[in-house]
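We count residues from 1, following the sequence as given.
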Amino acid sequence: MRLEDRITSEIDRLVDLKAEMLTAIEDMANPQERLLLKYRYFEGYTWEEIGMAMNVCDRIARRIHGSALQNFVVPT
């Protein structure tokens, strides 16, 4: 397989994985946890930016993050 084909295949796989992860986040019950995961992993927000966007301190944002990770179901 040519290098270009391997790269294209890998990009396609990553795009599919990103879509699966977003769907799994959307399926989460807690709206705060959903929003936080989107901000952190899809928008690249810092903890401070997440706190400001969610109107909480960054310590609370980290606490919500921990809860979100406990409740997140990894797609199979």
Mind checking what makes side chain to side chain donor-acceptor pair (under 3.5 Å) contact with Glu43, not counting sequence neighbours? none
ring-ring contact (aromatic ring centres under 6.0 Å, His included): pairs with one or both residues in residues 54-76, sequence neighbours excluded: Tyr41-His65, Trp47-His65
Would a distance-only check, ignoring hydrogens and angles, find a side-chain to backbone donor-acceptor pair under 3.5 Å from Ser9 to Asp5? no
Val73 and Ala24 have their tightest heavy-atom pair at O-CB, 3.7 Å
Selection residues 44-58 - residue pairs positive for salt bridge (charged side-chain N to carboxylate O under 4.0 Å, His left out), sequence neighbours left out: none
Residue pairs fulfilling ring-ring contact (aromatic ring centres under 6.0 Å, His included) with at least one residue in residues 8-33, sequence neighbours excluded: none
Could you list all the ring-ring contact (aromatic ring centres under 6.0 Å, His included) pairs where at least one residue sits in residues 18-38, not counting sequence neighbours? none
Same cluster (ILVMFWY, side-chain, under 4.5 Å), Met21 and Leu14: no
Atom CG of Asp16 with >12 non-hydrogen neighbours under 6.0 angstrom: yes
Applying salt bridge (charged side-chain N to carboxylate O under 4.0 Å, His left out), name anything that partners Arg59, two or more places apart in sequence or on another chain. none
Taken in chain and number order and not counting sequence neighbours, the residues that satisfy side chain to side chain contact (heavy atoms under 4.5 Å, CB included) with Gln70 are none
For residues 28-40, which side-chain donor-acceptor pairs fall under 3.5 Å, sequence neighbours excluded?
{"residue": "Asn30", "atom": "OD1", "partner": "Gln32", "partner atom": "N", "Å": "2.8"}
{"residue": "Asn30", "atom": "OD1", "partner": "Glu33", "partner atom": "N", "Å": "3.1"}
{"residue": "Glu33", "atom": "OE1", "partner": "Asn71", "partner atom": "ND2", "Å": "3.1"}
{"residue": "Glu33", "atom": "OE2", "partner": "Ser67", "partner atom": "OG", "Å": "2.5"}
{"residue": "Glu33", "atom": "OE2", "partner": "Asn71", "partner atom": "ND2", "Å": "3.0"}
{"residue": "Arg34", "atom": "NH1", "partner": "Met28", "partner atom": "O", "Å": "2.6"}
{"residue": "Arg34", "atom": "NH1", "partner": "Ala29", "partner atom": "O", "Å": "3.4"}
{"residue": "Lys38", "atom": "NZ", "partner": "Glu26", "partner atom": "OE2", "Å": "2.4"}
{"residue": "Arg40", "atom": "NH1", "partner": "Tyr45", "partner atom": "O", "Å": "3.1"}

Please enumerate all residues that pass side chain to side chain contact (heavy atoms under 4.5 Å, CB included) together with Met52, with sequence neighbours excluded. none
Close side-chain approach of Arg63 to Val56, heavy-atom, < 4.5 Å: no
Which residues pass the side chain to side chain contact (heavy atoms under 4.5 Å, CB included) test with Ile7, sequence neighbours left out? Leu3, Ile11
Quick one: ring-ring contact (aromatic ring centres under 6.0 Å, His included) pairs with a partner in residues 11-32, sequence neighbours left out? none
